[in-house]
Amino acid sequence: MPTNLPADYYNAEERFRSATTTEDKVKYLEEMLSTIPKHKGTDHLRADLRKKLSKLKTAATSKTVTKKQISPYHISKEGAGQIVIIGCTNAGKSSLVAAQTNAAPEVSEVPFTTWTPTPGMMAIENIQVQLIDTPPFSEDYIDPEFLNLIRRVDLVLIMIDLHANPVQELEFVIGKLIENRIAPQHLEGKVEAEGFLLYVPCLVLVNKFDSEEYAEHYEIFQELLEEEHPLIPGSAQTGYNLDVLKQAIFEKLEVIRVYSKAPGKEPDKSAPFVAEKGIRLSEFAGKVHKDFQENLKSAKIWGTSADFPGQMVSRDHVLEDEDVVELQM
Ligand SMILES: Nc1nc2c(ncn2[C@@H]2O[C@H](COP(=O)(O)OP(=O)(O)OP(=O)(O)O)[C@@H](O)[C@H]2O)c(=O)[nH]1
Ligand SMILES: [Mg+2]
């Protein structure tokens with residue numbers, strides 16, 4: 001460390017050390033650099049500071065770039081499945097997310113309340129799925145990133161308002177999807193559109209079915225529909241029939257729950273492994289621990305996939321929902 005540095009250098013260094021923002025750090029580093037006398041004895045120090053400065057600058061620019069580019073619709077999947085709720089204004093999308101998850105999007109009878117997507121986690125028995133509240137579909141504009149989110153999620157929950165114009169709402173939402181080359185899987189082969197369509201798994205929640213009192217209303221709605229849809233009547237507000245909705249979501253996600261247990265112990269049923277339907281024992285073993293996938297010798301199985309409790313099965317045995325597995329290396 002050279003000893004002949006001017007007082008200005010030390011002043012700048014002190015401010016650099018106490019700076020909290022990258023912007024300030026860059027400023028004081030530049031000051032430090034400008035106060036160092038240029039000679040051989042300071043070569044190392046100057047090179048060091050330049051390196052630091054360039055690192056800080058890169059960090060600063062990449063930060064602003066990411067801030068600008070990352071859309072609020074880039075939501076990483078959490079839990080056993082990612083589900084986006086779409087629909088017209090006031091259908092009750094935010095109400096469902098507010099009531100069933102840890103998130104708290106604003107709910108209001110004022111139209112067009114929601115402007116940005118909000119994810120939250122909802123329990124279905126002993127697993128968690130991610131529900132995403134979104135802004136309403138409208139005639140004029142749908143954010144392209146919103147459409148991309150719809151394209152990549154595991155399930156689209158179309159929500160319509162039984163108290164408003166449910167037939168019109170459903171047709172409008174599906175029409176908008178088709179305009180953007182997305183179509184509900186259950187309408188495959190029935191949609192008239194030119195060119196490529198991306199089919200996405202959908203369920204339709206007919207919301208504001210607050211109690212059985214709405215049964216007649218719901219029947220009329222069903223009769224007016226021209227196509228068959230996977231409809232579930234229910235209520236975000238009273239919770240009516242939401243257990244049926246959750247079961248339907250679970251089935252649509254095409255996942256199973258598997259419990260791993262140690263010999264002589266009971267499985268922990270509160271912590272299932274979630275795996276895709278049709279998964280084989282060896283693939284499942286790899287999820288439990290990567291050593292298991294290669295070194296798995298055998299396994300005992302309890303549950304619907306077993307012929308009898310504790311059956312020994314081979315690596316390519318196909319597991320089923322709620323199987324209990326005892327892996328042996
Ligand atoms: N009766 C009844 N009212 C409901 C139900 N769900 C929501 N509401 C009411 O409907 C209105 C709209 O609810 P929101 O959850 O804000 O609707 P949204 O779909 O998020 O609306 P936007 O954000 O505009 O797209 C509010 O006044 C809610 O209290 C329901 O199941 N039954
Ligand atoms: Mg909303």
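By convention here, the first residue in the shown sequence is residue 1. In listed order, ligands and their atoms are each counted from 1.
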Any N/O pair K208/ligand 1 closer than 3.5 Å: yes

Contact check: A91 vs ligand 1, nitrogen or oxygen atoms, below 3.5 angstrom: yes

Listed partners of D321 passing salt bridge (Lys or Arg N to Asp or Glu O under 4.0 Å), at least two apart: R257

Nearest-contact summary for atom 25 (O) of ligand 1 - protein heavy atom, Å: K93 NZ, 2.8 Å

Output field: ring centroids F273/F284 closer than 6.0 Å: yes

Pair D154 + K77, salt bridge at N-O below 4.0 Å: yes

Residue portion contacting ligand 1 (non-hydrogen atoms closer than 4.0 Å) for N207: side chain

N/O separation below 3.5 Å, A236 to ligand 1: yes

F172 ring center within less than 6.0 Å of F137 ring center: no

Closest protein heavy atom to atom 2 (C) of ligand 1, given as residue, atom name and distance to 0.1 Å: Q237 OE1, 3.2 Å

Six-ring centre of Y214, K208 cation under 6.0 angstrom, axis tolerance 45°: no

N/O separation below 3.5 Å, D210 to ligand 1: yes

Pick from G239, S108, P136: the one approaching atom 26 (C) of ligand 1 most closely through a non-hydrogen atom: S108

Which segment of T89 sits under 4.0 Å of ligand 1 when only heavy atoms are counted: both

Minimum-distance protein heavy atom relative to atom 14 (P) of ligand 1: S95 OG, 3.6 Å

Check: E212/Y240 side-chain N/O donor and acceptor closer than 3.5 Å: yes

Check: P6 and T35 side chains under 4.5 Å, non-hydrogen atoms: yes

For atom 23 (O) of ligand 1, the protein heavy atom that lies nearest, with its residue and separation: T114 OG1, 2.8 Å

Ligand 1 N/O within reach of V107 N/O, cut-off under 3.5 Å: no

Protein heavy-atom partner closest to atom 21 (O) of ligand 1 - residue, atom, separation in Å: N90 N, 3.0 Å

Option nearest atom 31 (O) of ligand 1 (shortest heavy-atom distance, choices G92, C88, S94, S235): S235

Nitrogen or oxygen of T238 less than 3.5 angstrom from that of ligand 1: no

Considering all heavy atoms, the nearest Q328-K300 contact: NE2-CE, 4.2 Å

N, O or S atom of S95 closer to the Mg ion (ligand 2) than 2.8 Å: no

M159 contact mode with ligand 1 (heavy-atom cut-off under 4.0 Å): neither

Any N, O or S atom of N90 closer than 2.8 Å to the Mg ion (ligand 2): no

Residue H163 vicinity, atoms of ligand 1 by number, heavy atom under 4.0 Å: 1 (N)

Residues E106 and T113: side-chain donor-acceptor under 3.5 angstrom: no

Any side-chain heavy-atom pair of S95 and V107 under 4.5 Å: yes

Check: D133/S94 side-chain N/O donor and acceptor closer than 3.5 Å: yes

Ligand 1 atoms in contact with F112 (distance to a heavy atom under 4.0 Å): 24 (O)

From CA spacing to verdict: side-chain contact (heavy atoms from CB on, under 4.5 Å), M159, I86: CA-CA 6 Å; M159 194 164 185; I86 62 170; over 6 Å; no

